[in-house]
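Counting from 1, the numbers follow the sequence of the chain as shown. Both ligands and their constituent atoms are indexed starting at 1 by order of listing.
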Amino acid sequence: MKRQIPIARPVLGSEEEEAVRTVLQSGMLVQAQKVQSFEEAFADYIGVDHAIAVTNGTIALDLALKTLNLNPRDEAIVPAFSFIATANCVLFQGAKPVFADIDPRTFNISSSDVNEKITARTRAIIPVHLFGQPASMDPLKEIAQDHNLFLIEDAAQSHGAEYKGQKTGSLGDIGCFSFYATKNMTTGEGGMITTNNSELARKIRLLRDHGQTEKYHHTILGYNYRMTELSAAIGLVQLKKLDELNETRIKNATMLNAGIANLHGLTPPYVEKSSRHVFYQYVIRVEDNYPLERNKLADYLKEMGIGTAVHYPMPIYKQPAYRQLGYDKTSCPVTEESCRRVLSLPVHPSVTEKDIQYTIAKLQAHAFS
Ligand SMILES: Cc1ncc(COP(=O)(O)O)c(C=O)c1O
C-alpha cells in the first residue's frame with residue numbers, strides 16, 4: 001500500500017480520553033476548576049503572571065485588541081504574511097490594519113518595514129511568531145517603546161518557542177495562543193491570552209464572561225468566550241506533552257534539513273541562532289532552478305501520498321474581503337514572492353524517520369543533487 005503522510009495530525013491518546021471521561025463523569029462541563037488549573041499551568045509554562053483561557057485564538061486576539069479601546073482612525077501594524085485572523089482582529093475593533101512586509105529568510109515581520117509604517121495614528125504592533133519561529137522581538141520592542149505602542153504577540157503557532165531564552169507569549173504586552181487541532185498542542189478549538197499586566201487580565205476575564213463580577217451582576221458589556229472543562233482537561237494533558245512533542249518536531253525538521261540541503265532549487269527553513277523554532281510548520285522555498293514549479297511539486301507529492309500545504313497562498317491584503325475595503329494599492333513585495341514559493345512539508349510528531357526518507361527521496365527524484 002502506498003505511504004500516506006498527512007500534513008497535520010493531532011497526537012491524542014489514552015490520557016486525553018481519560019481526562020475527558022473524568023470531566024463527563026463529574027457533570028461539570030462549563031468553565032470551572034479544570035479551566036483554572038489549565039490557566040495556572042499555562043501561565044507557569046510561559047513564564048507570565050496571568051493566563052486567560054478562551055474559545056479560540058481568534059477570540060484571544062479580539063479580546064487583546066478590545067482592551068485598547070481603538071478609534072476608527074487608529075492603526076495597528078500586522079504582517080501581510082499570516083493567517084487572516086491576525087489582521088481581522090483589528091477590523092473587528094473598527095480600526096485599520098496596516099500591513100508590513102516580512103524578512104525573506106524567516107518569513108517573520110520585518111522590523112525595518114514596521115518602522116516605515118508607523119504614523120501618528122499607530123497604536124499597536126502585532127508580530128506573529130510564524131510557523132513556530134519567534135519574530136525578531138528586540139527591535140520591535142524598541143520601536144514600541146519609542147512610539148508608546150502596544151505590543152501584541154500572535155503566538156498562535158509558537159507554543160514553547162523561545163526568543164533569547166524567553167518563551168513567546170511573555171515578550172510583549174499580551175500574548176495570544178490558539179489550540180486549534182493542528183497546532184503544537186490542541187484542545188480541539190481553544191485559545192489563551194497571556195500577560196504580566198494584572199489590570200489587562202482583570203478586564204479580559206470580565207469581557208470573557210458577560211462582564212460579571214458575581215452571578216448576574218454585570219459591570220461592563222461582555223461576551224461568552226469561555227472555554228469548556230472538556231477542552232481544559234485535554235489542554236492540561238497536552239501541555240504536559242508539549243516539550244516532548246516539540247522535540248520530535250525539531251528532530252524531524254533536522255532530518256528534513258539534512259536531506260534538503262543537498263537538493264538544488266529547494267531552500268530549507270532558516271532558523272535564527274537566538275531562537276528555539278518549534279516547527280509548527282516546516283516551510284521550504286521552491287526556487288526557480290528546481291525543475292518543478294511549486295504547485296506542480298505539491299501535486300506530484302500528493303500523488304505520492306505526501307500531504308503538503310501552502311501557508312499562505314496570498315497576502316492578507318489581496319484577499320477578496322480586504323480588496324473590498326480598499327487595500328488594492330497595498331504592496332509587500334517579499335510577502336508576494338514568498339506566497340509564490342513556499343511549500344509546507346509534514347513535520348508533525350507522527351511523521352516517522354521512514355516518512356522523512358521517503359519525502360526526501362521524492363523531492364530528490366526531480367532535483368539535481
Ligand atoms: C497566526 C494565527 N493567528 C490566529 C489564529 C487563529 O486561531 P483560531 O483558529 O484558534 O481561531 C491562527 C490559527 O489558526 C493562526 O495561525
Task: Salt-bridge contact Lys96-Asp74 (side-chain N to carboxylate O under 4.0 Å) - done: no
- [ ] Dump the intermediate steps for side-chain contact (heavy atoms from CB on, under 4.5 Å) on Met192 and Ile52, then the final yes or no.
- [x] CA-CA 5 Å; Met192 192 75 85; Ile52 304 119; 5.6 Å; no
- [ ] Please round to the nearest 0.5 Å and tell me the distance separating atom OG of Ser37 and atom CZ of Phe42.
- [x] 14.5 Å
Task: Under-4.0 Å salt bridge between Lys362 and Glu303 - done: no
Task: Short N-O contact, Lys241 and Glu15, less than 4.0 angstrom - done: yes
Using a 3.5 Å cut-off on N/O to N/O, what pairs does ligand 1 make with the protein? A line per pair would be great.
unit_1	atom_1	unit_2	atom_2	d
ligand 1	3 (N)	Asp154	OD1	3.3
ligand 1	3 (N)	Asp154	OD2	2.7
ligand 1	7 (O)	Ser178	OG	3.4
ligand 1	10 (O)	Gly57	N	2.8
ligand 1	10 (O)	Ser178	OG	2.7
ligand 1	11 (O)	Gly57	N	3.4
ligand 1	11 (O)	Thr58	N	2.9
ligand 1	11 (O)	Thr58	OG1	2.5
ligand 1	14 (O)	Lys183	NZ	3.1
ligand 1	16 (O)	Gln157	NE2	2.8
ligand 1	16 (O)	Lys183	NZ	3.2

Open item on the list: What I want to find out is whether Asp328 reaches Arg323 closely enough, with some N-O distance under 4.0 Å, to be called a salt bridge.
Closed with: no
